[in-house]
Amino acid sequence: MIYASKAFLCTAMAKLVHDEGLLLDVATGGELFVALHAGVPADHCVLHGNNKSVDELRMAMTAGVRHIVVDSFDELARIESLVDEGLTAPRVQLRITPGVYVHTHEYISTGQDDSKFGFNLGNGDARRAAGIAGASKKMRFVGIHCHIGSNVFAVENFTHAARLMVDLANELGVEEVTFGGGLGVAYVGDERAPSITDWSRHLLDAASGLQKPTKVFVEPGRSIVASAAVTVYRVGTIKEIPGVRTYVSVDGGMSDNPRPVLYGSGYEAFVPTRTNSARTKPVRVVGKHCESGDILISETEVPADLVVGDLLVTPVTGAYGHSMGSNYNKVTRPPVVFVRSGGARLVVRRETFEDLVRADVAE
Ligand code: LLP
């Protein structure tokens, strides 16, 4: 299994993932840097990205990543020229766009023909790329890869793509297949998502069509970390607008969780000191940023006795919150604390105002 580190990455997370025996998907030089900084061996990292720069490819090949998931004809040429410079020919998988449409937000669906990712299966690009990679002395073509989208709930979308990949793997005779990540998670009370076990059972079933011994990988991000984390805010103001709604403002917002703004994602909220209180009061939970769109939860219920100063927690915020966070309005990023068996460990410290000017070049 490969962990898609874009979902959440810091030094401690890279170490944890490695200690648990997973490989790391890194999609940029920056993610690779963090993994290597954490002591993850390069050959436990897999390099992704639809526009890897020459410098990123050089970094990954020099370090010796396990394989590179190649996304374009330009990249095939870039790898060859780096081998001409004297670097070792890398192992490569080709990212295939299988033409599978998934039920998720359009910003995060990636398997359809109209996509910036991968080699199109339907128009012949995938086979052309396989021809080039297979004939090249400057790379070892070991496998194929697909990733059809993120936060996908329909298992049949995955099995559809997996069957297409299995057919292609049989045709090309490759030794490795990656079925991608993308498994959805339940964010709000009425959502139901397949478990990782269900998902893998379906994928294994599709993989049983492979004709020769083949290494099969998956690379989930969200389904590993999303429900492992909660975000703790403090309520700063409560504004009741009669006949309109009640706004509860907290000390964060779109800078620590841009997902509601970007994808219209829903969340729940509860008061951690009164977890069993009935949640009866309808409110909108908003952040402290200077725009009306800075909404964390458009409509939710909180305990009726919620007061300024209370803590308010949003669960299922472990994926794509911290990693997509920003310093908008120069709001400092919150710390990250790992907890286990009653113990707590600070793994990312709270940012300070000094951090906000660290990269500024003084006049
Ligand atoms: N593999 C590849 C090549 C990917 O591009 C991704 C996610 C994954 C694996 C992991 O997908 P997951 O299991 O986490 O769904 N920011 C968006 C999600 C973007 C996903 C990008 N790629 C969100 O917050 O919903």
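The residues of the chain are indexed from 1 along the displayed sequence. Counting starts at 1 for both ligands and their atoms, in listed order.
Contact annotation: for Phe117 versus ligand 1, there are no heavy atoms closer than 4.0 Å. Contacts between Glu219 and ligand 1, counted as non-hydrogen atom pairs separated by less than 4.0 Å, involve both the backbone and the side chain. Residue Leu262 does not touch ligand 1, judged by heavy-atom distances below 4.0 Å. Looking at His147 against ligand 1, only its side chain comes within 4.0 Å, counting heavy atoms.
Taking the six-membered ring where the residue is Trp, the centroids of Phe119 and Phe73 are separated by under 6.0 Å. Between His48 and His147, the distance from one ring center to the other does not fall under 6.0 angstrom.
Near Gly221, meaning under 4.0 Å from one of its heavy atoms, ligand 1 places the atoms 10 (C), 12 (P), 13 (O), 14 (O). Counting the atoms of ligand 1 from 1 in the order shown, those under 4.0 Å from a heavy atom of Met324 are 16 (N), 24 (O). Annotation for ligand 1: atoms under 4.0 Å from non-hydrogen atoms of His48 are 3 (C). The ligand atoms of ligand 1 that sit less than 4.0 angstrom from a heavy atom of Ala4 are 8 (C), 9 (C), 10 (C). Close approach of ligand 1 to Ser150 (heavy-atom distance below 4.0 Å) involves ligand atoms 11 (O), 12 (P), 14 (O), 15 (O), 18 (C), 20 (C). Counting atoms of ligand 1 from 1 in the listed order, those under 4.0 Å from a heavy atom of Pro220 are 13 (O).
Ser81 contributes a side-chain N or O that, together with a main-chain N or O of Arg78, makes up a donor-acceptor pair within less than 3.5 Å.
In summary, the side chains of Asn327 and Glu351 do present a donor paired with an acceptor at a separation below 3.5 Å, with no hydrogens or angles considered.
In this structure, Ile96 CD1 and Asp125 CG are separated by 9.5 Å, a value rounded to the nearest 0.5 Å.
Closest approach of Leu24 to Ile2, counting heavy atoms only: C-CG2, 3.7 Å. For Lys288 against Asp251, the heavy-atom pair with the smallest separation is CD-C, 3.9 Å.
Just one residue in the list Asp113, Thr97, Asp114 forms a side-chain hydrogen bond (donor to acceptor under 3.5 Å, both in side chains) with Asn120, and that residue is Asp113.
On a distance-only criterion, Arg95 and ligand 1 share no N/O pair closer than 3.5 Å. For the pair Ser223 and ligand 1, the shortest N or O to N or O distance does not fall below 3.5 Å. At least one N or O atom of Tyr320, backbone or side chain, sits closer than 3.5 Å to an N or O atom of ligand 1.
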Taking only distance into account, with no hydrogens and no angle test, what donor-acceptor pairs under 3.5 Å do side-chain atoms of residues 157-168 form with protein atoms, sequence neighbours excluded?
residue : atom : partner : partner atom : Å
Asn157  : OD1  : His103  : N            : 3.3
Thr159  : OG1  : Val155  : O            : 3.3
Thr159  : OG1  : Glu156  : O            : 3.1

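Assignment of Gly182 to the shell around ligand 1 is supported, since a heavy atom sits closer than 4.0 Å.
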